[in-house]
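Everything numeric here is computed off the predicted structure, so don't read it as measured data. Numbers here are sequence positions counted from 1.
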Amino acid sequence: MTDTAKRDAELKQMLIDRRREMHGDVQRRIRHGRTDRSQDVCDDVEHSDAGIQGNIDFALLQMRAETLARIEEALVRLEAGKYGFCFECESHISERRLRALPFAVRCQACEGRREKEQGRLTQRRETVSLFPEVASS
């Protein structure tokens, strides 16, 4: 077995294990969310806290579901022989990066450029105001 084939087999197993873990976690959270409906009478503050917690739980569930989708996409790329190559520059993604983030789609350099560009876009959006006269005062 070549080093690349061995690496891919190990990473495939990591992805499968992670998929199983994430899928189980998502299913538990969905079941828990359905059965954890409190029938207790509560005041406005408790109701507000419960709503905030529900929003946080939903956001976490959504993040886990997105991670699960990325894992599925990585497994498809692996089967197609396209795993471990950067979407941007098409160079190899380092084994160290793949072990840390097995569903990575960009090499570290391209991801850094993308994050830097996103930071610039976010910064520009934050400086734009619908009411410029208010923002400058």
Side-chain angles (χ1 to χ4, degrees):
M1 184 180 270
T2 67
D3 287 343
T4 302
K6 183 179 177 184
R7 178 205 71 176
D8 286 354
E10 290 171 359
L11 290 169
K12 181 178 182 178
Q13 190 59 50
M14 272 178 62
L15 287 163
I16 289 169
D17 292 345
R18 186 77 187 269
R19 177 179 63 185
R20 186 179 317 113
E21 175 186 314
M22 293 296 289
H23 185 33
D25 185 49
V26 166
Q27 292 302 315
R28 275 189 302 280
R29 287 178 181 276
I30 289 171
R31 278 192 307 274
H32 180 71
R34 288 183 186 153
T35 60
D36 193 30
R37 305 279 188 237
S38 176
Q39 299 299 324
D40 296 336
V41 175
C42 57
D43 64 19
D44 289 342
V45 173
E46 290 172 329
H47 185 69
S48 175
D49 288 347
I52 291 169
Q53 185 60 48
N55 289 341
I56 292 169
D57 290 344
F58 179 75
L60 290 171
L61 179 63
Q62 189 174 15
M63 287 172 47
R64 283 178 171 78
E66 289 169 3
T67 300
L68 190 56
R70 288 185 183 120
I71 290 169
E72 292 292 343
E73 291 167 1
L75 286 166
V76 168
R77 287 193 312 275
L78 191 76
E79 291 299 318
K82 297 179 180 183
Y83 180 76
F85 294 96
C86 179
F87 277 4
E88 302 292 324
C89 68
E90 299 180 1
S91 67
H92 283 278
I93 299 172
S94 73
E95 184 173 346
R96 183 177 176 190
R97 179 165 173 76
L98 289 172
R99 288 200 181 277
L101 192 65
F103 44 83
V105 295
R106 290 178 190 82
C107 67
Q108 196 164 354
C110 289
E111 184 64 27
R113 281 192 295 276
R114 187 186 73 81
E115 288 175 358
K116 189 175 181 180
E117 181 60 30
Q118 278 187 330
R120 276 192 235 129
L121 290 173
T122 301
Q123 200 171 34
R124 276 189 237 144
R125 277 189 226 124
E126 289 173 353
T127 60
V128 174
S129 173
L130 293 175
F131 308 102
E133 63 282 351
V134 175
S136 62
S137 44

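Here Arg113 pairs with nothing under the salt bridge (charged side-chain N to carboxylate O under 4.0 Å, His left out) rule; sequence neighbours left out. Residues passing the side chain to side chain contact (heavy atoms under 4.5 Å, CB included) test with Lys116 are Arg120, sequence neighbours excluded. Taking Glu73 as the reference, nothing meets the side chain to side chain donor-acceptor pair (under 3.5 Å) condition, with sequence neighbours excluded. With sequence neighbours left out, Glu88 forms a salt bridge (charged side-chain N to carboxylate O under 4.0 Å, His left out) with Arg106.
In the hydrophobic clustering of ILVMFWY residues, with side-chain heavy atoms under 4.5 Å counting as a link, Ile16 and Leu101 come out together.
A distance of 8.0 Å separates OG1 of Thr2 from CG of Asp8, quoted to the nearest 0.5 Å. Atom CG of Leu98 and atom CE of Met14 lie 8.5 Å apart (nearest 0.5 Å).
Hydrophobic cluster membership for Phe87: Val105 (Ile, Leu, Val, Met, Phe, Trp, Tyr linked by side-chain heavy atoms under 4.5 Å, directly or transitively).
Judged as a ring-ring contact (aromatic ring centres under 6.0 Å, His included), not a single pair has a partner in residues 54-79 (not counting sequence neighbours).
Electrostatic pairing of Arg114 and Glu111 counts as a salt bridge here, judged by a charged N lying under 4.0 Å from a carboxylate O.
Other residues, nucleotides and ligands contribute at most 12 non-hydrogen atoms within 6.0 Å of the CD atom of Gln108.
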Exercise answer: donor-acceptor pairs, residues 89-96 side-chain atoms, under 3.5 Å, sequence neighbours excluded:
{"residue": "Ser94", "atom": "OG", "partner": "Arg97", "partner atom": "N", "Å": "3.1"}
{"residue": "Glu95", "atom": "OE2", "partner": "Arg99", "partner atom": "NE", "Å": "3.1"}
{"residue": "Glu95", "atom": "OE2", "partner": "Arg99", "partner atom": "NH2", "Å": "3.0"}

Show me the side-chain donor-acceptor pairs of residues 62-72 shorter than 3.5 Å, one per line, residues at least two apart or across chains.
{"residue": "Arg64", "atom": "NE", "partner": "Asp25", "partner atom": "OD2", "Å": "2.4"}
{"residue": "Thr67", "atom": "OG1", "partner": "Met63", "partner atom": "O", "Å": "3.0"}
{"residue": "Glu72", "atom": "OE1", "partner": "Arg19", "partner atom": "NH1", "Å": "3.4"}

Counting only pairs under 3.5 Å, give me each side-chain donor-acceptor contact of residues 78-85, with atom names and distances, residues two or more places apart or in other chains.
{"residue": "Glu79", "atom": "OE2", "partner": "Lys12", "partner atom": "NZ", "Å": "2.6"}
{"residue": "Tyr83", "atom": "OH", "partner": "Pro102", "partner atom": "O", "Å": "2.5"}

* To do: Mind running salt bridge (Lys or Arg N to Asp or Glu O under 4.0 Å) on Arg20 and Asp17 for me, showing each step along the way?
  => CA-CA 5 Å; Arg20 186 179 317 113; Asp17 292 345; 3.4 Å; yes
